[in-house]
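Worksheet for the structure shown next.
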Amino acid sequence: MSISQTASKADRVGIAVAAMVFTDLTLSIADAIIKVTISDMPLSQFIFLRSCVTLPLLISILKWRFPQVSLRPAYPGWVIVRSSLLLSSLLIYYASLPRLDFSMAAAVYYTIPLFITLFAAFWIREPVGVQGWVGVAVGFLGVLLMLKPQAGDLGIHAVMPLVSAILYALAMVLTRTKSRGENPFVLALIFNLIAIVLGGGASLATAMAGSEGGHSLFMGEWIPMGWTQWALIGLLSMTMLIGSVGTAIAYQWGPSSIISTWDFSYLAFAVLWGVVLFSERLDAASILGIVLIALAGIIVIRR
């Protein structure tokens, strides 16, 4: 009997789907804010401060609501690997946002559900079937129509969300297989601890290097923080908490291939914010791409 078959007895698909859609709505709003605000702030400063705000909240929730739960995960090695993959994915995606249209970044990034389906099929033998593979193919075609890659026109920034998608998909399959029994708040706790260590280490290295260390979106001298910046950090910390816990719940309680399909809702929200907030305009090919991605989700759900 496969892992997926064993785990499916405890699935709560309705709750998992609702958690995924709400999480995507929250994260899409947060990423729209990040696109506007992160361009002047090194990512090392951003993730360090955001996790420093989130971590005490997580500990308080765990001590209040789950006093019997150990803060140490049952399988710390797998949780650390999962968190490292997830953090690397988010950092790469955040780095691409200031340089790409929001809808384009989301389109490339949202090869995530397709990679999850592929990894789940080959790694843990989750059944996909002919309809599932057709859905994956249609989804990739939709993403290509939105991206419209042309010879010599696919720069590093367009590839960054694709790399991010692969890392995120690996992290979510690990959530399903190796971290299914972990408390979602503990998973979020370890993620934020690693973010603090990485962000703090990068910031310290920058400070020690001084002006000779140069500046990049990942590393650089900290910018001064006013009330507006602190308010944004606080808001984004809340969205990060919702995202960390909501994603873990969704992939723990539902099959990866189904939840990953509903994960496409992020793309719909991102396109909406791109049009409403950033005045991005979708051409006929992009609209067809969105339709194909939605169709791919329906095909996979009904397989």
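Quick caveat: nothing in here was measured; it's all calculated off a predicted structure. Residues: numbered from 1 along the sequence shown.
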Inset, instruction - Evaluate the side-chain proximity of Leu49 to Ser237: yes if any heavy-atom separation is below 4.5 Å, no if none is. - result: no
Legend entry - OG1 on Thr54 to CG on Leu193, rounded to 0.5 Å: 11.0 Å
Inset, instruction - Identify whether Ile61 and Phe22 are in the same connected component of the hydrophobic contact network (ILVMFWY, side-chain heavy atoms under 4.5 Å). - result: no
Legend entry - Ser89 side chain vs Ser164 backbone, donor-acceptor pair below 3.5 Å: yes
Inset, instruction - With the side chain counted from C-beta on, respond yes when Leu167 and Leu86 share a heavy-atom pair under 4.5 Å apart, and no when they do not. - result: no
Legend entry - CG-OG distance between Leu236 and Ser51, expressed to the nearest 0.5 angstrom: 11.5 Å
Inset, instruction - Provide the closest heavy-atom pair for Tyr109 versus Ala165 in the form atom of the first, atom of the second, distance. - result: O-CB, 3.3 Å
Inset, instruction - Check Ala250 against Ile259 and note the closest heavy-atom contact, atom names and distance. - result: O-CG1, 3.5 Å
Inset, instruction - Report the C-alpha distance between Met20 and Ile249 in whole Å, list the side-chain angles of each, state the deciding distance to 0.1 Å, and finish with yes or no for side chain to side chain contact (heavy atoms under 4.5 Å, CB included). - result: CA-CA 8 Å; Met20 191 72 262; Ile249 289 173; over 6 Å; no
Inset, instruction - Look at the aromatic rings of Phe122 and Trp133 and report parallel, tilted or perpendicular, splitting at 30° and 60°. - result: tilted
Inset, instruction - Write down the atom of Met160, the atom of Ala95, and the distance for their closest heavy-atom approach. - result: CE-CB, 3.4 Å
Legend entry - Steps toward side chain to side chain contact (heavy atoms under 4.5 Å, CB included) verdict (Leu71, Lys63): CA-CA 9 Å; Leu71 298 184; Lys63 292 299 185 181; 4.2 Å; yes
Legend entry - Thr26-Thr239 side chain donor-acceptor pair, cut-off 3.5 Å: no
Inset, instruction - Verify side chain to side chain contact (heavy atoms under 4.5 Å, CB included) between Asp31 and Trp273, making sure each step is shown before the conclusion. - result: CA-CA 10 Å; Asp31 290 346; Trp273 307 142; over 6 Å; no
Inset, instruction - Say whether Val159 and Phe140 are linked into one hydrophobic cluster, either directly or through other cluster members, by side-chain heavy-atom distances under 4.5 angstrom. - result: yes
Legend entry - Note, Phe191 side chain near Leu90 side chain (heavy atom, < 4.5 Å): yes
Inset, instruction - Using atom types as modelled and distance alone, determine if a side-chain donor or acceptor of Asn183 lies under 3.5 Å from a backbone N or O of Phe185. - result: yes
Inset, instruction - Hey, can you tell me if Tyr94 and Phe46 have their rings parallel, tilted or perpendicular (30° and 60° cut-offs)? - result: perpendicular
Inset, instruction - State, with a plain yes or no, whether a side-chain heavy atom of Leu97 is found less than 4.5 Å away from one of Tyr93. - result: yes
Inset, instruction - Indicate, with yes or no, if Val53 and Ile242 share a hydrophobic cluster defined by side-chain heavy-atom contacts under 4.5 Å among Ile, Leu, Val, Met, Phe, Trp and Tyr. - result: no
Inset, instruction - State, yes or no, whether a side-chain contact exists between Leu272 and Val276 at a heavy-atom distance under 4.5 Å. - result: yes
Legend entry - Check: Ser179 and Leu187 side chains under 4.5 Å, non-hydrogen atoms: yes
Inset, instruction - To the nearest 0.5 Å, tell me how far Cys52 SG sits from Ile47 CD1. - result: 10.0 Å
Inset, instruction - Establish whether Val197 and Val186 are linked, either directly or via other cluster members, by ILVMFWY side-chain heavy-atom contacts under 4.5 Å. - result: no
Legend entry - For the student: nearest non-hydrogen atoms of Gly142 and Leu292, plus distance: CA-CB, 3.8 Å
Inset, instruction - To the nearest 0.5 angstrom, please state how far the CE atom of Met41 sits from the CD atom of Gln229. - result: 6.0 Å
Inset, instruction - Evaluate the criterion side chain to side chain contact (heavy atoms under 4.5 Å, CB included) for residue pair Val138 and Val134; output intermediate values, then yes/no. - result: CA-CA 6 Å; Val138 170; Val134 170; 4.2 Å; yes
Inset, instruction - Report yes or no: do Val291 and Leu141 belong to one cluster of Ile/Leu/Val/Met/Phe/Trp/Tyr joined by side chain heavy-atom distances under 4.5 Å? - result: no
Legend entry - Working for side-chain hydrogen bond (donor to acceptor under 3.5 Å, both in side chains), residues Thr247 and Thr23: CA-CA 7 Å; Thr247 302; Thr23 297; 4.8 Å; no
Inset, instruction - For residues Ile166 and Phe119, determine if any side-chain heavy atom of one lies less than 4.5 Å from a side-chain heavy atom of the other. - result: yes
Inset, instruction - Using distance alone, with no hydrogens and no angle criterion, decide if Thr175 and Arg82 have a side-chain donor and acceptor under 3.5 Å apart. - result: yes
Inset, instruction - Report yes or no: does Glu182 contribute a side-chain atom to a donor-acceptor pair with the main-chain N or O of Tyr75 at less than 3.5 Å? - result: yes
Legend entry - Contact summary for Arg50 and Ile34, nearest pair of heavy atoms: NH1-CD1, 4.0 Å
Inset, instruction - Indicate the ring-plane relationship of Phe278 and Phe102, choosing parallel, tilted or perpendicular according to the 30° and 60° boundaries. - result: perpendicular
Legend entry - Separation of Arg72 CZ from Leu189 CG (nearest 0.5 Å): 13.0 Å
Inset, instruction - Please report the shortest heavy-atom distance between Ile194 and Leu87, naming the atom on each side. - result: CG2-CD2, 3.9 Å
Inset, instruction - Measure the spacing between CG of Leu43 and CG of Leu198 and express it to the nearest 0.5 Å. - result: 10.0 Å
Legend entry - Sub-4.5 Å side-chain heavy-atom contact between Tyr168 and Leu85: no
